[in-house]
Amino acid sequence: MNHYSSSSSSLRETIVVKGSHEFNISGYSLMKGIGSGKYLASYMFTAGGHDWCIYFYPDGKNPDDNASYVSLFIVLASQHSKNVKALFELTLLDQSGNQRHKVHSQFQSMPESGPYTLMTPGSMW
């Protein structure tokens, strides 16, 4: 009688790529009042093998915002990318450079639902 013994193992590795982009807006105070829904776009930048943009709405994205606050979005700009998972941090820096105002962060801890998934080109969060 022959006895065979076998064992196997597998490894699934998740590759995490980090990148950063600084979007400077010169003359921010002159941008206030351009109207809700109107935005300034950063230059396209690449991180994690995908192209991205930052959209900054000085008077908010929606008319209901009544220009009472700004809106800031990260946008998937790659034309052929779909279902991209991303963790990101958006930070505003006042013009004096003395204080940072963190807007949103997913770098300190993984959210229960996992990273955000941007489904198609033009998706934004």
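Fair warning: this is a prediction, and the values are worked out from it, not measured in the lab. All residue numbers refer to positions in the sequence shown, counting from 1.
- Closest heavy-atom contact between Met31 and Asp59: O-OD2, 4.3 Å.
- Leu76 is listed as a side-chain neighbour of Trp52, based on a closest heavy-atom distance under 4.5 Å.
- Shortest non-hydrogen contact noted between Gly60 and Ser71 is CA-OG, 3.5 Å.
- Between Ala77 and Cys53, the closest heavy-atom pair is CB-N, 4.4 Å.
- The two atoms that bring Asn62 and Ser36 nearest to each other are O-CB, 3.6 Å, heavy atoms only.
- Under the 4.5 Å side-chain heavy-atom criterion for Ile, Leu, Val, Met, Phe, Trp and Tyr, Leu72 and Ile25 are members of the same hydrophobic cluster.
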Could you pull out every donor-acceptor pair under 3.5 Å between side chains of residues 37-47 and any protein atom, sequence neighbours left out?
unit_1 : atom_1 : unit_2 : atom_2 : d
Ser42  : OG     : Ile54  : N      : 2.9
Thr46  : OG1    : Asp51  : OD1    : 2.8

